Trainee: 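What follows is a structure written as structure tokens; I'll ask about it next.
Since the structure is predicted, the reported quantities are computational estimates derived from the model, not experimental observations. Whatever order the structure lists them in is the order used to number ligands and atoms, beginning at 1.
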Amino acid sequence: MSALFEPYRLRELTIPNRVWMPPMCQYSAAPEGPGTGAPGDWHFAHYAARATGGTGLIIVEATAVAPEGRISPYDLGLWNDTQVEAFRRITGFLRTQGTVPAVQLAHAGRKASTDRPWRGGAPVGPDAYGWQPVAPSAVPFDEKHPVPDELTVEQIRAVVGQFAEAARRALAAGFEVVEIHGAHGYLINEFLSPHSNRRTDAYGGSYENRIRFALEVVDAVRAVWPRDKPLFFRVSATEWLEEDGWTADDTVRLAAELRAHGVDLLDVSTGGNASGVRIPVGPGYQVPFAARVRDEAGMPVAAVGLITEPEQAEKILANGEADAVLLGRELLRTPSWARQAARELGGEVHVPEQYHRSV
Ligand SMILES: Cc1cc2nc3c(=O)[nH]c(=O)nc-3n(C[C@H](O)[C@H](O)[C@H](O)COP(=O)(O)O)c2cc1C
């Protein structure tokens, strides 16, 4: 029996297999008007295709908890009820395929207000639907980014509340899992790292102070997210800095704290908070970080990053390095990767009746 196609139970949720889709921004929502931040036809077709392809769980792309928390003006959001209604079409369809609908709740912090990557991805101002970004400290990401406004304590509390409100809306929208985006140099990650957090109040300085915002967000979300539903957290396990940065040791320590605060699974990525670093990219390059968290913190983990081959994915699970694998760009190339891998490895996967003649 293939480990990749064994169901996985977290709290009261059973996920049909271990082939999952990580959040991937599509930058395809309206930047203004009543449908701002709401998914449309593109999002429906995109997520539906990976669901009919047998993907066990789909984490919908970074979805902003407030307009100024979007990476670009074209991001999805969950700050109003129009957005909730639009998401229901996607979650409803995913459910018909047995795919678990999850959503990544995000605030982009100092990396907010940028253009779509295929238009260069540079910071944009009000003339292109942009805005002034906020951050733990007035430290820009790099020389191309504007200096962000430093959040006041009152504003920090407001953002914590926005995460909770977005989680409440995620439930109304039909999601079964919420993932808090604590990675890639966005707001929560900016608080965690001494590289971006230079505060001298209760939210900066010591390790305990730097993780305070992350724990407050987790507590606020867990308080409104049902006890029977899992909560994920995505972390950048290292920022690949020689000194001063957030490290793999910090991640193991944080994982234990998150577990105590009701997080059920750590989605282990890396990087994104420091510009100009060298990342040793290669097949499965982030898997060792996931394995360490699973081993040392006893926290369930999903591994991500250049996992593309069925045998490779199967080994990661069989070796006990992760509880699930996330395939990003490979699922963009091959929406029915799970079905093909099941064929190769001898696993069982959902195939829509309409496609039965293809098996
Ligand atoms: C088009 C695209 C959009 C992405 N958007 C997000 C995102 O919204 N949130 C996030 O945490 N990671 C995002 N990522 C990172 C992926 O989730 C994943 O971690 C990364 O692509 C590495 O996995 P892969 O090698 O399987 O693609 C994005 C990646 C791509 C290619």
Trainee: Taking atom types as modelled, find out whether W20 and T55 have a side-chain donor-acceptor pair closer than 3.5 angstrom.
Mentor: no
Trainee: Salt bridge between R11 and E176, side-chain N to carboxylate O under 4.0 Å?
Mentor: no
Trainee: Who's touching ligand 1 if we go heavy atoms under 4.0 Å?
Mentor: P22, P23, M24, C25, A62, Q104, H181, H184, R234, V304, G305, L306, L327, G328, R329
Trainee: Once side-chain hydrogen bond (donor to acceptor under 3.5 Å, both in side chains) is applied, what residue pairs with a partner in residues 160-172 remain, sequence neighbours excluded?
Mentor: D81-R169, E165-R168
Trainee: Judged by modelled atom types alone, do Q97 and H350 share a side-chain donor-acceptor pair under 3.5 Å?
Mentor: yes
Trainee: From S193 OG over to I188 CD1, what is the distance, rounded to the nearest 0.5 angstrom?
Mentor: 14.0 Å
Trainee: Could you tell me how the ring of F141 sits relative to the ring of H145: parallel (under 30°), tilted (30 to 60°) or perpendicular (over 60°)?
Mentor: perpendicular
